[in-house]
There are 2 protein chains.
Amino acid sequence: MSLREKKKTETKNKIFEVSGRLFKEKGFEKTTVDEITKEAGIAKGTFFNYFPTKEALLLYFGEQKEELIYDLIENETMKGIPTKEKITNFLVFLAESVEKDKALTKLMVFEYTRYMVHSGLGPCEDKCRLHRLTETVCGLLDEGAKIGDVKTSLDVYKASEIITGVYLHSLIMWLNSEDKISFSNDISGKINMLFEGIGV
Amino acid sequence: MSLREKKKTETKNKIFEVSGRLFKEKGFEKTTVDEITKEAGIAKGTFFNYFPTKEALLLYFGEQKEELIYDLIENETMKGIPTKEKITNFLVFLAESVEKDKALTKLMVFEYTRYMVHSGLGPCEDKCRLHRLTETVCGLLDEGAKIGDVKTSLDVYKASEIITGVYLHSLIMWLNSEDKISFSNDISGKINMLFEGIGV
DNA sequence: CTATATTTATGACTGCAGTCACATTTGACC
DNA sequence: GGTCAAATGTGACTGCAGTCATAAATATAG
């Protein structure tokens, strides 16, 4: 790795580290780019060489976290249990990880929405986090279809989208609640109902 | 109505009208509050007497539209059809109304997210649009429970939340798609699956 | 009609995100 | 090491959302 690349990652990490601390101390809104750069010992313009906007930092936070989570999933003891449980475990795991920092999650969800809405991200491609979630669930359901854990006639992809939708809604409701709800409990109850169906 | 109240509504309508036009012409971002107020013939400060932020305008747009829709629902020919169809019709109707202006819908969804995330709206109360949707669906399912259209053991509220979640997810996917999907078709397919269930 | 209170309007001003023309550092090649 | 090109750093500057002290308009009371 060249000197240039070394300095680059160094600077990016410095920004990441300082801003993370400041956001925790005083919140996202009240932290200015000026402060971040001053504490990081760089000029204001430099910040924008690394992150196109202040909000882009939030996206970066989210990506970092997501990587950790999806990695962990692979290593879980998920072999040999019914598909319903597999999916429930997966989503509960996601939920629990998110439950740890509500304020940050709020900001990230918000920023993610902005990202989806504003020009960036042409069609719903790789970068789309919801899409990735759907794909993962889809994989689990596909396996389930082979073992006979789900209806053979099932449109697996559509079902995955439904599950993602339920996850998203629970997340938003939880973010917007006054902590009376447990996000992870809510999710697992709903997955159950999805497998049973609503109609008689 | 006093002179004061008359002038107030007049000014608010003027702002609403001018900003609507400008947003369509040049988009939300590129329209400045200065422009809006100049065209409306008022001072900049006045704008903020009516809307706390520029974005609050979007919320107002949404509210106006929503009123129209929910009113229409009441008057629909929804008597005597199965619960599944009632709910499908309702959501398809919502979807179709939203499909008419994708760009504006994007902005409104985005702004709604911001609204939920940033301080405003303590716990998820009346003002929460998703909550209102859930309540409406819940009403339909309750009726359905009486006629025996849904499982008697069903947790009706939870089911409504699931349906709302599916609606929201479809909406977002559609907003983020390159117009290959029909939002309203997508919804009706998923409601069907929800009634059938996923498991064997 | 005058005096006083309350509500609404005003626009110069502030603070901050984001830009840009220019300076500095790094890498590559001789 | 010297020379040039490309990448990165810099901070004064710009544009816009939002504020606030003050002015104007309207309501209320005597």
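All chains are named by letter (A, B, ...) in the order of the sequence lines, taking the proteins before the strands, and each is independently numbered beginning at 1.
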Q. Has T11(A) got a side-chain N or O lying under 4.0 Å from the OP1 or OP2 atom of dG9(D)?
A. yes
Q) Can you tell me if the side-chain N/O atoms of Y50(A) get under 4.0 Å from OP1 or OP2 in dT8(D)? A) no
(Q) With rounding to the nearest 0.5 angstrom, report the CD to CE distance, E66(B) to M108(B). (A) 9.0 Å
Q: Measure from the side chain of I42(B), starting at C-beta and using heavy atoms only, and say which of dT10(C), dC16(C), dT8(C) lies closest.
A: dT10(C)
Q. Base, sugar-phosphate, or nothing: which does F51(A) touch, judged by heavy atoms less than 4.0 Å apart?
A. nothing
(Q) Angle between ring planes, F16(B) versus Y60(B), binned at 30° and 60°: parallel, tilted or perpendicular? (A) perpendicular
(Q) Is there a side-chain contact between T46(A) and the phosphate of dT8(D), meaning an N or O under 4.0 Å from OP1 or OP2? (A) no
(Q) Looking at F51(B), I'd like to know if the NZ or CZ of K12(B) sits under 6.0 Å from its six-membered ring centre while staying within 45 degrees of the ring's axis. (A) yes
Q: For K12(B) and dA9(C), give me the distance from atom NZ to atom P, rounded to whole Å.
A: 12 Å
**Q.** Sugar-phosphate only, base, or nothing, as touched by T31(A) at under 4.0 Å among non-hydrogen atoms
**A.** sugar-phosphate
Q. Which of these nucleotides, dG18(D), dT10(D), dC16(C), is closest to any side-chain atom of T32(A)?
A. dC16(C)
Q: Please state how far atom NZ in K38(B) lies from atom P in dT10(C), giving the value in whole angstrom units.
A: 14 Å
Q) Which whole-number value in Å describes the distance from M1(A) CE to dT26(C) C1'? A) 15 Å
Q: In whole angstrom, give the distance that lies between atom CD1 of I15(B) and atom P of dG18(D).
A: 14 Å
**Q.** side chain to side chain contact (heavy atoms under 4.5 Å, CB included) partner of Y167(A), chosen from D186(A), I187(A), V137(A), I172(A)
**A.** I187(A)
Q) CG of L140(B) to CG of L91(B): how many Å apart, nearest 0.5 Å? A) 8.5 Å
Q. Given atom CG of L58(B) and atom P of dA17(D), what is their separation to the nearest angstrom?
A. 12 Å
Q.
Nearest whole Å is fine: how far is dA17(D) P from E29(A) CD?
A. 16 Å
Q) Starting at CG of D34(B) and ending at C1' of dC16(D), how long is that distance when rounded to a whole Å? A) 7 Å
**Q.** Atom pair CZ (F61(B)) and OG (S19(B)), whose distance is rounded to the nearest 0.5 Å
**A.** 4.0 Å
Q) Do the side chains of V18(B) and E35(B) get nearer than 4.5 Å, heavy atoms only? A) no
Nucleotide N/O to protein N/O under 3.5 Å, stretch nucleotides 24-27 of chain D:
{"residue": "dT26(D)", "atom": "OP1", "partner": "K7(B)", "partner atom": "NZ", "Å": "2.2"}
{"residue": "dT26(D)", "atom": "O2", "partner": "R4(B)", "partner atom": "NH2", "Å": "2.8"}
{"residue": "dA27(D)", "atom": "OP1", "partner": "L3(B)", "partner atom": "N", "Å": "3.1"}
{"residue": "dA27(D)", "atom": "OP1", "partner": "R4(B)", "partner atom": "N", "Å": "3.0"}

Q) OP1 or OP2 of dT8(C) sitting under 4.0 Å from any side-chain N/O of N49(B)? A) no
Q. Do T105(A) side-chain atoms and V98(A) backbone N/O form a donor-acceptor pair below 3.5 Å?
A. yes
Q) For the pair made of NZ in K6(A) and C1' in dA7(D), what is the distance, rounded to whole Å? A) 17 Å
Filtered N/O pairs between nucleotides 12-14 of chain C and protein, under 3.5 Å:
none

Q.
Using side-chain heavy atoms (C-beta onward) and a distance below 4.5 Å, is L57(B) in contact with I15(B)?
A. yes
Q) Does the ring of F28(A) carry K54(A) above it, NZ/CZ under 6.0 angstrom from centre and within 45° of its axis? A) yes
Q. Taking only side-chain nitrogens and oxygens of K8(B), does any of them come within less than 4.0 Å of OP1 or OP2 of dT8(C)?
A. yes
